[in-house]
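Sequence lines set the chain letters: A, B, ... in the order given, protein chains first and strands last, and positions in each chain run from 1.
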Number of protein chains: 2
Amino acid sequence: MQDTCTVNQTVKYLTKKWTLLIILELYKGQGYTRRFSELREAIGGITPKILSERLKELEEEGILTRNVDATAFPVKTEYTLTESGLGIVDVIRIIKQWALKWKIDNIPCGDQDCKVCVL
Amino acid sequence: MQDTCTVNQTVKYLTKKWTLLIILELYKGQGYTRRFSELREAIGGITPKILSERLKELEEEGILTRNVDATAFPVKTEYTLTESGLGIVDVIRIIKQWALKWKIDNIPCGDQDCKVCVL
DNA sequence: CGGTATCCTTTCGGATACTG
DNA sequence: CAGTATCCGAAAGGATACCG
């Protein structure tokens with residue numbers, strides 16, 4: 001098994017449910033930054049458990065950084081896309097271009113999400 | 001939920017286990033073509049059930065075509081990457097470039113799989 | 001050769017409640 | 001606000017056997 005292949009590993013966490021949406025949501029934020037509760041509300045439907053898991057994974061992969069302001073009350077935590085994280089946005093963009101080229105007839109997408117997508 | 005988003009849908013089947021390896025294996029074949037048993041052996045570890053499922057999904061998505069030669073005995077079946085399927089290889093290539101830029105220190109990959117990878 | 005059918009395990013994600 | 005802890009159900013994938 002080629003579980004050591006970097007491409008496979010990358011795809012592995014990128015393809016987990018919610019991950020892409022989290023990255024896109026951070027990308028939309030000012031300074032590519034969002035707070036935990038902002039992500040929760042913006043994404044909608046994600047439970048805190050899963051959101052927390054994904055954020056940890058992405059932090060470990062260097063795709064985002066976690067910044068805690070412990071002086072604030074309640075504690076203020078911000079998540080920010082790193083430079084490499086922005087690289088992932090490029091990847092998503094390529095996928096979108098592929099989709100637009102080969103899946104144009106996907107009406108639901110054309111009319112809804114992708115049209116308002118920041119990509 | 002944006003299950004109608006084309007990007008999400010695309011990522012959804014691309015990220016299933018084995019899918020990328022199947023696409024890469026087809027890419028390696030002459031004329032981007034491989035037979036069922038060739039895929040099985042080349043990939044290693046995949047069960048016929050899963051391989052069959054993936055091939056069907058990818059055929060439905062237009063990423064590969066299935067060609068059966070019923071005159072042969074036993075029946076000869078070939079799977080070939082389509083033009084849009086080759087586009088997916090490009091996507092993988094971009095991901096690899098991202099990985100090489102940001103994950104160079106992944107020694108196992110550098111020494112093994114990616115070095116011999118056709119990408 | 002190119003699959004399908006069955007069954008079983010494991011993994012993932014959802015629901016909910018609770019805490020510093 | 002920003003999570004963690006527990007429990008549970010669904011779904012994905014693996015093992016194995018069999019068939020045209």
Ignoring hydrogens and geometry, is there a side-chain-to-backbone donor-acceptor pair from B/Thr19 to B/Tyr13 under 3.5 Å? yes
Presence of A/Tyr79 side-chain N/O under 4.0 Å of D/dC1 phosphate oxygens OP1/OP2: no
Using whole Å, report how far CD1 of A/Ile46 lies from C1' of D/dA2. 14 Å
At less than 4.0 Å, is any side-chain N or O atom of B/Ser37 found next to OP1 or OP2 of C/dG2? Yes or no. yes
May I have the distance from B/Glu38 (atom CD) to C/dC1 (atom P), rounded to whole angstrom? 10 Å
Counting side-chain heavy atoms from CB outward, which of D/dG3, C/dG14, C/dG2 is closest to B/Arg35? C/dG2
Between B/Trp102 (side chain) and A/Gly85 (backbone), is there a donor-acceptor pair under 3.5 Å? no
Kindly work out whether a path of hydrophobic side-chain contacts (I/L/V/M/F/W/Y, heavy atoms less than 4.5 Å apart) joins B/Tyr32 to B/Val68. no
Rounded to the nearest Å, what distance is computed from the CZ atom of residue B/Arg54 to the P atom of nucleotide D/dG14? 8 Å
With salt bridge (Lys or Arg N to Asp or Glu O under 4.0 Å) as the test, would you mind laying out the steps for A/Glu78 and A/Arg66 before giving the verdict? CA-CA 6 Å; A/Glu78 289 187 329; A/Arg66 181 172 177 266; over 6 Å; no
For the pair made of CD in B/Glu53 and C1' in D/dA12, what is the distance, rounded to whole Å? 8 Å
In whole angstroms, the gap separating P of C/dG3 from CG of B/Asp69 amounts to 13 Å
How many Å lie between CG on A/Leu51 and P on C/dG14, as a whole number? 11 Å
Determine whether a donor-acceptor pair (N or O, by modelled atom type, separation under 3.5 Å) exists between the side chain of A/Ser52 and the backbone of A/Ile50. no
D/dA12 OP1/OP2 closer than 4.0 Å to side-chain N/O of B/Lys12: no
Does A/Glu61 reach the main-chain N or O of A/Leu58 with its side chain, forming a donor-acceptor pair under 3.5 Å? no
Report yes if a side-chain nitrogen or oxygen of B/Ser52 is closer than 4.0 Å to either non-bridging phosphate oxygen (OP1 or OP2) of C/dG2; otherwise report no. no
For the side chain of B/Lys16, starting at C-beta, report the closest nucleotide among C/dC12, C/dC1, D/dG13. D/dG13
Can you tabulate the close N/O pairs, meaning under 3.5 Å, that link protein atoms to atoms of nucleotides 15-20 of chain C?
none

Phosphate oxygens OP1/OP2 of D/dG14: is one of them under 4.0 Å from a side-chain N or O of B/Trp18? yes
Is it true that, when you exclude A/Glu83 itself, more than 12 heavy atoms of the residues, nucleotides or ligands shown sit nearer than 6.0 Å to its CD? no
What integer distance in Å separates A/Asn67:CG from D/dA2:C1'? 14 Å
Assign each of B/Lys56 and B/Glu41 the nucleotide of DNA chain C bearing its closest heavy atom; nearer the 5' end lies the nucleotide of B/Glu41
For the hydrophobic clusters of this structure (ILVMFWY residues joined by side-chain heavy atoms under 4.5 Å, transitively), does one cluster hold both B/Leu86 and A/Ile95? yes
Sub-4.0 Å heavy-atom contacts from residues 58-66 of chain A onto DNA chain D, ordered by number: A/Arg66
Using salt bridge (Lys or Arg N to Asp or Glu O under 4.0 Å) as the criterion, list what pairs up with B/Glu25, not counting sequence neighbours. B/Lys28, B/Arg34
For a quick test of reading the model: is some side-chain N or O of A/Lys17 closer than 4.0 Å to OP1 or OP2 of D/dA10? no
Please state how far atom OH in A/Tyr13 lies from atom C1' in C/dC12, giving the value in whole angstrom units. 19 Å
Closer than 3.5 angstrom, by distance alone: can the side chain of A/Thr82 be matched with the main-chain N or O of A/Gly62 as a donor-acceptor pair? yes
